[in-house]
K.L.:
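One structure is given below, represented as structure tokens, and several questions about it will come after.
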Protein chains: 2
Amino acid sequence: MKEGPDIAQIGALIGDPARANMLAALMGGRALTATELAGAAGITLQTASSHLAKLEAGGLVSQRKQGRHRYFALSDDEVGLLLESLMGFAANRGFLRTRPGPKDPALRKARVCYDHLAGDFGVRMLDRLIAEGHVVVGGDEATLTAAGETRMAGLGIDVDGLRRQRRPLCRTCLDWSERRSHLAGSLGEALLARVIDQGWARRSEDSRAILFTPAGERAFLELFPLS
Amino acid sequence: MKEGPDIAQIGALIGDPARANMLAALMGGRALTATELAGAAGITLQTASSHLAKLEAGGLVSQRKQGRHRYFALSDDEVGLLLESLMGFAANRGFLRTRPGPKDPALRKARVCYDHLAGDFGVRMLDRLIAEGHVVVGGDEATLTAAGETRMAGLGIDVDGLRRQRRPLCRTCLDWSERRSHLAGSLGEALLARVIDQGWARRSEDSRAILFTPAGERAFLELFPLS
DNA sequence: TTCATACTTCGATGATAGTCGAAGCATCGA
DNA sequence: TCGATGCTTCGACTATCATCGAAGTATGAA
């Protein structure tokens with residue numbers, strides 16, 4: 001009857017508070033069990049199970065069985081991008097669940113956005129990569145230049161290996177706290193992994209924050225200074 | 001209790017089929033009366049009125065009284081961008097309200113996305129502007145170069161006047177049918193207005209399609225050839 | 001004033017869907 | 001084989017909310 005895609009179904013999936021909380025928890029990038037997600041959303045296990053079935057049917061999350069645990073994760077980074085842009089929209093309009101709490105500054109500084117680095121540090125990293133001619137952005141897609149590939153190799157990142165993955169190497173993702181873009185895609189994931197492997201930072205256990213050590217922060221800022 | 005913005009409220013607003021249909025109708029860019037929107041959504045006037053009150057409270061639409069009519073429109077182009085990205089996501093996941101109908105090819109070729117040109121022609125236009133160095137894209141923002149400003153003046157577009165508006169001059173908007181970006185912002189709006197003022201094309205009455213005349217299509221493709 | 005149009009508000013109804021207790025299935029360890 | 005853990009399914013309850021009829025308000029025309 002009507003033309004075009006049906007946004008109501010997705011809206012309804014995201015529109016339930018319990019489901020939205022579970023999705024927000026999964027934006028942390030870790031795969032979580034149904035029990036953990038139930039805790040995050042403040043509902044019982046049965047209810048969570050029903051919600052997860054709907055989210056899976058809608059293609060927003062996917063599960064992986066491992067022993068008697070079932071780990072749920074966002075099915076795509078595309079889902080992560082959509083959720084982040086929704087959060088940005090909500091933040092601009094004042095749809096906040098609470099006034100900014102003590103954790104908020106840490107989140108604005110550096111946090112994980114599904115699987116890559118977001119917040120001030122994430123935006124700064126992409127800015128620097130663009131300024132140095134290592135990444136070229138065109139629309140929502142981004143490409144790594146030859147110079148950029150050399151630099152990534154210098155950081156110990158196997159770009160060819162990343163290319164073999166099905167997902168795009170580079171994407172931009174709109175940052176809800178900075179209102180500017182940071183780097184997503186498999187390269188964004190690899191860069192965050194590198195930062196953590198180096199011991200420069202670690203993921204917070206109970207939030208999306210990325211906590212830098214003092215030495216790690218110095219090293220990061222030396223690598224990606226203000227343009 | 002939870003950190004971050006509340007995406008559930010927006011999701012719930014968009015998640016009702018009647019409201020989603022009204023929003024989709026408003027993506028046509030025209031301001032519509034409550035009666036027209038009720039017709040578009042297939043509901044009675046009372047129900048539409050209740051929905052519109054909710055959408056307005058949520059900041060998604062705004063109304064303008066004019067005599068005994070009340071015209072409703074999307075409050076921002078930001079709302080349009082969000083809806084278009086939701087449509088893109090929905091289209092990729094197969095959330096279609098119907099199988100592609102006869103209008104579909106026309107929509108994919110050229111349609112209005114709130115107030116600017118989308119579809120194949122919209123994507124092609126931005127591609128060409130980038131290729132000619134008239135627009136530079138960085139992240140989700142785009143800037144008009146000096147050369148681009150000269151060219152826009154040649155097309156009869158008063159860039160300085162556009163700059164005085166509160167909204168950004170250039171933005172990119174992800175196209176749901178092409179899965180690439182086209183040009184939004186006040187410049188995008190001005191370019192579409194120019195195309196229509198020239199008599200190259202007109203808006204369809206009953207859909208988002210932009211219908212080019214044969215001569216208009218030739219003129220447009222001459223202006224923005226394939227890169 | 002009177003009538004008509006456009007829309008909102010009120011009130012009642014009905015259906016959808018979120019919720020949880022209880023029971024069922026699957027996996028693991030002993 | 002037994003019990004424990006993790007999760008799903010079933011069934012029933014409940015609350016929310018979309019829906020529409022009817023009445024009320026506002027603007028315009030005659």
Side-chain angles (χ1 to χ4, degrees), chain A residues 1-2 6-26 30-75 95 97, chain B residues 1-2 6-26 30-58 60-73 75 95 97:
Chain A
M1 168 174 170
K2 294 289 173 184
D6 187 2
I7 56 176
Q9 293 183 47
I10 305 173
L13 275 178
I14 301 175
D16 179 77
R19 283 195 291 263
N21 282 336
M22 290 197 273
L23 290 171
L26 289 175
R30 301 179 209 265
L32 300 173
T33 65
T35 308
E36 290 170 324
L37 287 168
I43 51 181
T44 62
L45 186 55
Q46 312 92 287
T47 308
S49 178
S50 138
H51 285 307
L52 287 168
K54 286 173 189 172
L55 288 174
E56 194 178 9
L60 296 189
V61 309
S62 51
Q63 60 167 303
R64 199 181 31 156
K65 292 182 69 168
Q66 204 164 85
R68 53 183 162 183
H69 293 275
R70 298 199 182 188
Y71 286 97
F72 291 86
L74 302 185
S75 26
F95 286 100
R97 276 185 291 202
Chain B
M1 170 177 173
K2 294 288 173 185
D6 187 2
I7 56 176
Q9 294 183 47
I10 306 173
L13 275 178
I14 302 176
D16 179 77
R19 283 195 291 263
N21 283 334
M22 291 196 274
L23 290 171
L26 289 175
R30 301 179 208 267
L32 299 174
T33 66
T35 309
E36 290 171 323
L37 287 168
I43 52 180
T44 63
L45 186 55
Q46 309 94 285
T47 309
S49 178
S50 141
H51 283 309
L52 286 168
K54 286 174 189 170
L55 288 174
E56 196 179 8
L60 296 188
V61 309
S62 51
Q63 60 167 306
R64 200 182 27 163
K65 293 184 69 167
Q66 205 163 84
R68 52 183 162 180
H69 293 276
R70 296 198 183 187
Y71 285 96
F72 290 87
S75 25
F95 286 101
R97 275 187 288 206

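Chain A is the first sequence line, chain B the second, and so forth, proteins listed ahead of strands; every chain is numbered from 1.
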K.L.:
In chain order, what residues pass the side chain to side chain contact (heavy atoms under 4.5 Å, CB included) check against B/Ala31, with sequence neighbours excluded?
P.N.:
B/Arg64, B/Tyr71, B/Ala73
K.L.:
B/Arg30 and B/Leu26: which non-hydrogen atoms are nearest, and at how many Å?
P.N.:
O-CD2, 3.9 Å
K.L.:
Could you state the atom-to-atom distance from CG of B/Leu37 to P of C/dA6 in whole Å?
P.N.:
14 Å
K.L.:
Figure out the CD/P separation between B/Gln63 and C/dA6, and round it to whole Å.
P.N.:
16 Å
K.L.:
Give each protein N/O atom lying under 3.5 Å from an N/O atom of nucleotides 25-30 of chain C, with the pair distance.
P.N.:
none

K.L.:
Can you check the A/Glu56 CD to D/dC7 P distance for me, whole Å?
P.N.:
13 Å
K.L.:
Using atom types as modelled, flag every donor-acceptor pair under 3.5 Å from a side chain in residues 37-49 of chain A to any protein atom, sequence neighbours excluded.
P.N.:
residue : atom : partner : partner atom : Å
A/Thr44 : OG1  : A/Gln46 : OE1          : 3.3
A/Thr44 : OG1  : A/Thr47 : OG1          : 3.1

K.L.:
How close or far is atom C1' of D/dA18 from atom CD1 of B/Ile14, stated in whole angstroms?
P.N.:
18 Å
K.L.:
Tell me the interatomic distance from A/Ile43, atom CD1, to D/dT14, atom C1', rounded to whole angstroms.
P.N.:
17 Å
K.L.:
What is the distance, to the nearest angstrom, from the CG atom on A/Asp16 to the P atom on D/dA15?
P.N.:
17 Å
K.L.:
Measure CG/B/Leu13 against C1'/D/dA18 and give the value in whole Å, please.
P.N.:
14 Å
K.L.:
Under the side chain to side chain donor-acceptor pair (under 3.5 Å) definition, can you give me all pairs with a residue in residues 9-18 of chain B, not counting sequence neighbours?
P.N.:
B/Asp6-B/Gln9
K.L.:
Please table the atom pairs, donor to acceptor, closer than 3.5 Å between any side-chain atom in residues 50-57 of chain B and protein atoms at least two apart or in another chain.
P.N.:
residue : atom : partner : partner atom : Å
B/His51 : ND1  : B/Arg19 : NH1          : 3.1
B/Glu56 : OE1  : B/Gln63 : NE2          : 3.1

K.L.:
Could you tell me the separation between the CD atom of A/Glu36 and the C1' atom of D/dT5, rounded to a whole number of Å?
P.N.:
14 Å
K.L.:
What do the steps show when you test B/Ile10 against A/Ile14 for side chain to side chain contact (heavy atoms under 4.5 Å, CB included), and what is the final call?
P.N.:
CA-CA 8 Å; B/Ile10 306 173; A/Ile14 301 175; over 6 Å; no
K.L.:
Taking five pairs at each end, how big is the angle between the two axes of the helix from C/dT1-D/dA30 to C/dA30-D/dT1, to 10°?
P.N.:
20°
K.L.:
Counting only non-hydrogen atoms, which of residues 45-55 of chain A are less than 4.0 Å from DNA chain D?
P.N.:
A/Leu45, A/Gln46, A/Ser49
K.L.:
Name all residues meeting the side-chain hydrogen bond (donor to acceptor under 3.5 Å, both in side chains) criterion together with A/Ser75; count only those two or more places apart in sequence or in a different chain, and write none if there are none.
P.N.:
none
